[in-house]
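A quick write-up on the structure given underneath.
Quick note on labels: first sequence line is chain A, next is B, and so on, each numbered from 1.
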Amino acid sequence: MKFDAVLIAGPTASGKSHQALALAEEIGGVVINADSMQVYREAPILTAQPSAAEMARAPHLLYGHVSARDAYSVGRWREDAIEALARARVMGRVPIFAGGTGMYFMALTDGLADIPATPAEVRDNARALLDDIGVEALHARLTERDPLTASKLRPSDPQRVLRAYEVFESTGRSLADWQEAPAAPVLKDAHLAAFVLDPPREQRRARIAERFEKMLEAGGLEEARALEGLDPALPAAKLLGLRPLQALAKGTLTRGEALDGAITASRQFAKRQMTWFRHRMPHYIWFDPCVSNLITQFSHISA
RNA sequence: GGCCACGUGGCGGAGUGGUGACGCAGCGGACUGCAAAUCCGCGUACCCCGGUUCAAUUCCGGGCGUGGCCU
């Protein structure tokens, strides 16, 4: 049986990249990044991007291909993914998407509303307004303009209220309206082999802690230092461990405290990822990477 | 050994004679362009024993424990 693409999802530190690479070597694939943070070139260590040696073993796309100073987004990733898919086709290799960003997988398989990018000034203005009057008040204003979308949002959710507000401001159309008709999914009608790596909870926690230690030793602190002064509003500024590490560099936190903070944040993130996978990807093939591996799983369904 | 203070959920930390704040961690959930983000929900914890009281976590006595001071 032939697959148009392979999808590999899993929480942080579950070994997605390794499994994806092994499969790519086995079946002649290209590994395509589906992780919102591994796209940033300034932080290969802190985002656990595959090493140069690993990338040499099989083609990898969308890893470190943008700057942390860019306001990257799912929308842009979707464009990049379409292009990556085309390149895979040219190379004659099977696209293997690997990552932990649920929403990116959603863009792949369910589609995303085709909303024009918000002009920077509209976004800046909306953000300034939010800072000025607060979320509740912004939600109230949204209710005046776009009651439908407003009614679907919690007045306490700054991110979504802001998004709805700026979309209405820049397009004059309700976000709910836009979302009514999502654009075709990137992998429309594709034949997919989809997997979720699901290591036991204890194993996950242990690996997160262990991996973060290694990141520090491998130069994670220098990466964090180099990103000092990054606009906190940028997506890359939310990188796990960045804040605590910068605090460590400045001496505001001890090494132990910084490590604790970063590890706790990673655990909490992994929990959110699992919630998404459990509810959005129940039809994927789930397996425990401590017990099985992707090549075995893949061979089961290819037979 | 004596004196003083304290003893609240996994941790930190308010408070009260009758319904036991809150923060953190943890757990569950949501999720359509910042998503490693954002938001929502979840806790019979008052050291032990006796006494007072209609009612003790709260008052009294004793015990145990912790910290400090003193000899």
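The CZ atom of A:Arg127 sits 15 Å away from the P atom of B:A37 (whole-angstrom rounding). For the pair A:Met106 CE and B:A30 C1', the interatomic distance rounds to 13 Å; values are reported in whole Å. Residue A:His139 contributes atom NE2, which lies 13 Å from atom P of B:C40 at whole-angstrom precision. Rounding to whole angstrom units, CE of residue A:Met103 and C1' of B:A35 are separated by 4 Å. When the P atom of B:C40 is taken as reference, atom CZ of A:Arg160 falls 11 Å away, rounded to whole Å. Going from atom CZ of A:Phe277 over to atom C1' of B:C31 covers 13 Å, rounded to whole Å. Counting to the nearest Å, the P atom of B:A37 and the CE atom of A:Met37 are 7 Å from each other. Rounded to whole Å, atom P of B:G28 lies 14 Å from atom CD of A:Gln273.
B:C27 and B:G41 make up a base pair, with Watson-Crick or G-U wobble contacts both under 3.5 Å. Nucleotide B:G67 forms a Watson-Crick or G-U wobble pair with B:C4, both donor-acceptor distances falling under 3.5 Å. Searching all strands for a Watson-Crick or G-U wobble partner of B:U52 with both distances below 3.5 Å returns nothing. Base pairing of B:C34 is not made with any nucleotide, judged by Watson-Crick or G-U wobble geometry with both donor-acceptor distances under 3.5 Å. Of the nucleotides present, none pairs with B:G9 by Watson-Crick or G-U wobble criteria with both distances under 3.5 Å.
Between B:U57 and B:C47, the distance separating the two P atoms is 9 Å to the nearest Å. Rounded to the nearest Å, the gap between the C1' atom of B:C64 and that of B:C42 is 35 Å. Across B:G43 and B:G10, the matching C1' atoms stand 11 Å from one another, rounded to whole Å. The same atom, C1', is picked in B:C11 and in B:G68; the two are 23 Å apart, to the nearest Å.
Within 4.0 Å (heavy atoms only), A:Asp110 reaches no atom of the nucleic acid at all. Residue contacts shown for A:Gly100 are limited to sugar-phosphate atoms, with no base heavy atom under 4.0 Å away. Across all strands shown, A:Asp114 has heavy atoms under 4.0 Å from base atoms, whether or not it also approaches the sugar-phosphate. Nucleic acid contact class of A:Leu46 (heavy atoms, under 4.0 Å, all strands): base. Across all strands shown, A:Leu153 has no heavy atoms under 4.0 Å from either base or sugar-phosphate atoms. At a threshold of 4.0 angstrom between heavy atoms, the contacts of A:Ala233 include nucleobase atoms, whether or not backbone atoms are also involved.
No continuous path of hydrophobic side-chain contacts links A:Leu175 to A:Leu112 [ILVMFWY only; heavy atoms under 4.5 Å].
Residue A:Arg163 places at least one side-chain N or O under 4.0 Å from the OP1 or OP2 atom of B:G33. Distances shown here put every side-chain N or O of A:Gln159 at or beyond 4.0 Å from the OP1 or OP2 atom of B:G33. Close to B:C31, at under 4.0 Å from its OP1 or OP2, lies no side-chain N or O of A:His279. For A:Arg154 and B:A30, the shortest distance from a side-chain N or O to OP1 or OP2 is not below 4.0 Å. An OP1 or OP2 oxygen of B:C34 is reached within less than 4.0 angstrom by a side-chain nitrogen or oxygen of A:Arg123. Here A:Ser156 reaches the OP1 or OP2 of B:C40: one of its side-chain N or O atoms lies under 4.0 Å away. Taking 4.0 angstrom as the limit, A:Arg280 places none of its side-chain polar atoms (N or O) nearer than this to OP1 or OP2 of B:A30.
Candidate nucleotides B:G33, B:A37, B:C39 were compared by shortest atom distance to the side chain of A:Leu240, and B:A37 ranks first. Closest approach to the A:Trp276 side chain among B:A37, B:C31, B:U32 is made by B:C31 (side chain taken as heavy atoms from C-beta onward). Candidate nucleotides B:C39, B:A35, B:G33 were compared by shortest atom distance to the side chain of A:Pro158, and B:C39 ranks first.
In this structure, OG on A:Ser51 lies 11.0 Å from CD1 on A:Ile45, to the nearest 0.5 angstrom. If you take CG on A:Asp80 and CG on A:Asn33, they are separated by 10.0 Å, rounding to the nearest 0.5 Å. Atom CG of A:Asp157 is separated from atom CG of A:Leu162 by 10.0 Å, given to the nearest 0.5 angstrom.
The closest donor-acceptor contact from the side chain of A:Thr252 to the backbone of A:Leu248 lies at 3.5 Å or more, if one exists at all.
Identified under the ring-ring contact (aromatic ring centres under 6.0 Å, His included) test for residues 240-277 of chain A, with sequence neighbours left out: none.
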Might you list the N or O atoms of the protein lying below 3.5 Å from N or O atoms in nucleotides 25-27 of chain B, with each pair's distance?
from  : atom 1 : to       : atom 2 : distance (Å)
B:A25 : OP1    : A:Gln268 : NE2    : 3.1
B:G26 : OP1    : A:Arg267 : NE     : 3.2
B:G26 : OP1    : A:Arg267 : NH2    : 3.3
B:G26 : OP2    : A:Gln268 : NE2    : 2.8
B:C27 : OP1    : A:Arg201 : NH1    : 2.9

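Mapping A:Thr12 and A:Arg76 onto RNA chain B by nearest heavy atom places A:Arg76 at the nucleotide closer to the 5' end. Summary of the strand contacts: A:Arg278 and A:Ala48 both lie near RNA chain B, and taking for each the nucleotide with the nearest heavy atom, the more 5' one is attributed to A:Arg278.
Applying the salt bridge (charged side-chain N to carboxylate O under 4.0 Å, His left out) test between A:Glu166 and each of A:Arg123, A:Arg145, A:Arg141 identifies A:Arg123 as the sole match.
Residues satisfying the salt bridge (Lys or Arg N to Asp or Glu O under 4.0 Å) criterion with A:Lys214, sequence neighbours excluded, are A:Glu210.
Between A:Phe298 and A:Phe195, the angle of the ring planes lies from 30° to 60°, which puts this pair in the tilted group.
Ring centroid separation for the pair A:His300 and A:Phe287 does not come in under the 6.0 Å cut-off.
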